Protein chains: 2
Amino acid sequence: MVAKVFVSAQEVADRAGVSRSAVSRTFTPGASVSPETRARVMEAADALGYHVNHLARGLMRNESGIICLIASDVATPYRSALLRELTLQLQQGGKVAMLINTDRSDGSVDRALRQAIRYRADASIILSGLPDKSIAQLCLRSGQRLVLINRDDDQPGPLRINLDDHEAAGRVATAFVRAGCRRLAFANSEAGTPSLMAREEGFVAAATALGLAVTVERFGWTGYEAGKVLAQRLLTRRERPDAVFCATDLLACGFMDAARQQFSLTIPDQLCIAGFDDIEQASWSSYNLTTFSQPIREIASRAVEWLGAPIPEDHSPRRDSLRLKADLVWRGSIRGG
Amino acid sequence: MVAKVFVSAQEVADRAGVSRSAVSRTFTPGASVSPETRARVMEAADALGYHVNHLARGLMRNESGIICLIASDVATPYRSALLRELTLQLQQGGKVAMLINTDRSDGSVDRALRQAIRYRADASIILSGLPDKSIAQLCLRSGQRLVLINRDDDQPGPLRINLDDHEAAGRVATAFVRAGCRRLAFANSEAGTPSLMAREEGFVAAATALGLAVTVERFGWTGYEAGKVLAQRLLTRRERPDAVFCATDLLACGFMDAARQQFSLTIPDQLCIAGFDDIEQASWSSYNLTTFSQPIREIASRAVEWLGAPIPEDHSPRRDSLRLKADLVWRGSIRGG
DNA sequence: CAGTTTGTTGCACGCCCGTGCAAACCAGTG
DNA sequence: CACTGGTTTGCACGGGCGTGCAACAAACTG
């Protein structure tokens with residue numbers, strides 16, 4: 001068994017003929033080292049293949065540099081795109097991402113947060129689920145920062161980043177009406193997360209204001225297959241909808257495929273469709289889906305920026321809650337773009 | 001500034017009225033603690049919200065529990081699916097995944113590996129690119145284990161997991177011929193990674209053996225848009241191909257969309273298509289793509305299993321190179337399945 | 001030249017944990 | 001009671017690092 005034998009600062013010091021402190025200072029920006037010693041240290045370090053032990057450094061500095069990303073369904077187009085952007089920007093900020101998968105079971109997020117605590121992560125970014133209040137409080141008490149993305153929670157402490165789901169959904173209703181649609185429907189999943197429900201409520205509210213009723217159907221999780229089932233259910237109704245707003249693009253893709261292949265409908269002539277997220281597939285020409293783009297870059301940059309900023313002394317009315325705008329991307333699934 | 005104030009074992013010990021060792025032993029499986037003290041410690045730990053500091057534990061044990069995943073294009077369907085499976089299985093094995101994004105620039109993988117060393121990762125799993133020999137050697141010398149997935153490298157030390165790309169590609173050629181196709185083409189990206197090239201070579205070799213020539217076209221990276229361009233190029237040729245093997249499913253999706261919409265071809269009647277990876281979209285009914293499924297679960301489980309196994313004393317002829325089989329998933333893009 | 005400033009270096013301590021070792025304890029035996 | 005074997009406990013050390021402090025050297029200042 002070849003034990004772990006990473007080279008330590010002491011070995012570098014011995015080889016360079018200096019004290020270990022000198023080595024440490026060489027790798028600490030702003031520390032006082034003469035150019036000569038620095039050079040000798042660097043040479044020895046290169047020769048030996050020395051790399052600062054961030055575990056030990058984290059112990060000392062009380063700052064591990066680790067940011068925990070907590071998410072489920074990470075292989076989903078939208079999630080993976082967000083994860084990509086987050087990890088990229090964290091890396092640029094000198095942090096490193098620790099990825100923890102959650103499932104839909106109870107306590108899954110709590111377990112993930114416990115892991116984050118064990119590794120003394122500087123912060124946790126939660127993309128799915130909601131932690132128990134007590135464990136969230138523990139994180140905050142411990143000095144760990146928390147970011148909730150698209151989880152419409154209201155407890156103070158974490159940074160909450162959300163979209164204007166409600167308002168955006170209203171814009172779709174208007175667009176549908178302008179396209180001459182009268183029989184509106186909303187295709188949702190049964191997941192019932194705040195942002196999905198906000199889209200549904202926003203759509204229904206706006207339609208009602210325009211004097212139209214909305215048929216709402218909910219099924220399964222927000223995936224392609226669920227979209228097909230939803231199409232099955234909505235398109236076999238007596239009063240077949242002529243416009244459907246799907247809560248996510250994945251649902252929309254499944255919906256469109258079923259609409260075209262099983263019901264021989266043409267889009268957008270016989271049926272208008274809108275989605276949400278602007279996943280890559282929405283732009284594929286088979287779908288060419290009109291949808292809302294999640295401001296992924298901005299979400300990530302706001303989160304990272306907030307993590308880098310110092311915690312203010314005063315308990316001032318800090319902007320811990322952001323509501324970003326989702327832009328409507330016009331493509332071909334609604335008439336008269 | 002609320003400094004980090006994670007509760008330490010000492011505080012738990014004080015509260016429970018025992019020594020710090022007792023606390024440590026309580027959280028160390030197999031250590032000798034009486035039931036009473038264990039109970040008192042647990043109670044105090046719960047009350048204070050204590051969690052073992054894995055940074056310090058890693059320092060002691062010389063084993064951080066961190067596994068580094070190094071990859072580019074993590075938002076891609078295939079990559080994200082593999083990442084998901086890896087992180088899941090690592091979690092089940094009690095490890096934790098650290099995700100490092102690379103780009104296509106030189107030294108990107110090397111920088112990622114350096115980061116892995118700094119955090120004293122127990123192992124690194126590389127999904128994209130190839131590390132420089134010297135840095136790879138440094139990892140191995142340091143006792144860090146290395147796994148290369150679909151990177152057909154031949155240096156000893158790392159575990160290398162590859163597919164039977166060459167042979168699989170041959171099976172497609174046969175299928176095309178059986179479907180009555182005569183004018184074969186291969187659509188590749190310019191990335192030139194070993195597995196992509198193996199698919200190309202395997203296809204060409206098999207076709208040649210069957211007495212058919214293959215038109216090869218390469219463009220861009222392995223994405224949807226590149227697939228469209230490749231269709232543009234291949235389908236405007238004098239001798240239009242009647243069967244195209246795309247190096248990846250993403251290329252195939254782009255290719256199919258262009259073939260249908262710009263060239264009004266029907267699939268599989270006028271054009272047979274095959275892909276590779278079996279990404280989720282391949283099963284979407286707009287594509288219904290015949291393709292090879294990457295044995296993602298097996299790749300992940302083999303990797304995790306290998307990481308968990310002890311390094312054998314003797315330098316025996318260890319199975320450090322695995323070649324897994326990619327199964328052909330018959331769908332509707334080749335005639336006569 | 002004495003005195004002061006500036007810059008560099010090494011020592012020693014602490015961060016939090018696991019563990020070898022020896023002391024302490026406890027129950028059982030003759 | 002003395003003795004033995006087994007279990008539990010605390011002490012002290014080490015793992016790799018950053019940093020305050022004091023010692024020291026060099027460079028100025030008057």
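Chain naming here is simple, since letters A, B, ... match the order of the sequence lines and numbering starts at 1 in each. The figures here come from the full heavy-atom set of this structure, side chains too, leaving out hydrogens, waters and symmetry mates. Quick caveat, the model's predicted, so the values are computed rather than measured.
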Starting from the 5' end of DNA chain D, give me the residue, B:Ala22 or A:Val23, whose nearest nucleotide shows up first.
B:Ala22

Would you indicate which nucleotide in [options] comes nearest to any side-chain atom of [X]?
| X | options | result |
| --- | --- | --- |
| B:Ser19 | D:dC17, D:dT19, D:dG10 | D:dG10 |
| B:Thr28 | D:dG16, C:dC17, C:dG18 | C:dG18 |
| A:Ser32 | D:dG16, D:dG10, C:dT9 | C:dT9 |
| A:Leu59 | C:dG18, D:dG10, C:dC15 | C:dC15 |
| A:Ala56 | C:dC17, D:dG16, C:dG7 | D:dG16 |

For atom [atom1] of [X] and atom [atom2] of [N], their distance in whole Å:
| X | N | atom1 | atom2 | value |
| --- | --- | --- | --- | --- |
| A:Arg40 | C:dG10 | CZ | C1' | 15 Å |
| B:Met60 | C:dT19 | CE | C1' | 6 Å |
| A:Tyr119 | C:dC16 | OH | C1' | 15 Å |
| B:Glu63 | C:dC17 | CD | C1' | 15 Å |
| A:Leu55 | D:dC17 | CG | C1' | 11 Å |
| A:Asn53 | C:dC17 | CG | P | 16 Å |
| A:Arg118 | C:dC16 | CZ | P | 18 Å |
| A:Asp14 | C:dG10 | CG | P | 12 Å |

It should be established whether [X] places a side-chain nitrogen or oxygen under 4.0 Å from OP1 or OP2 of nucleotide [N].
| X | N | answer |
| --- | --- | --- |
| B:Ser21 | D:dG10 | no |
| B:Thr37 | D:dT9 | yes |
| A:Ser34 | C:dT9 | yes |
| B:Ser24 | C:dC17 | no |
| B:Arg57 | C:dC17 | no |
| B:Tyr50 | C:dC17 | yes |

Using side-chain heavy atoms (C-beta onward) and a distance below 4.5 Å, is [X] in contact with [Y]?
| X | Y | answer |
| --- | --- | --- |
| B:Val304 | B:Glu85 | no |
| B:Ile67 | B:Leu86 | no |
| A:Val41 | A:Phe27 | yes |
| B:Leu127 | B:Leu69 | no |
| B:Gln294 | B:Asn150 | yes |

Listed partners of A:Gln92 passing side-chain hydrogen bond (donor to acceptor under 3.5 Å, both in side chains), at least two apart
none

Quiz question: going by heavy-atom distance under 3.5 Å, is there a donor-acceptor pair between the base of D:dG10 and the side chain of B:Arg25?
yes

Using only modelled atom types and a 3.5 angstrom limit, is any donor from either the side chain of A:Arg20 or the base of D:dG18 paired with an acceptor on the other?
yes

Just checking A:Val33: base, sugar-phosphate only, or nothing, at a heavy-atom cut-off of under 4.0 Å?
sugar-phosphate

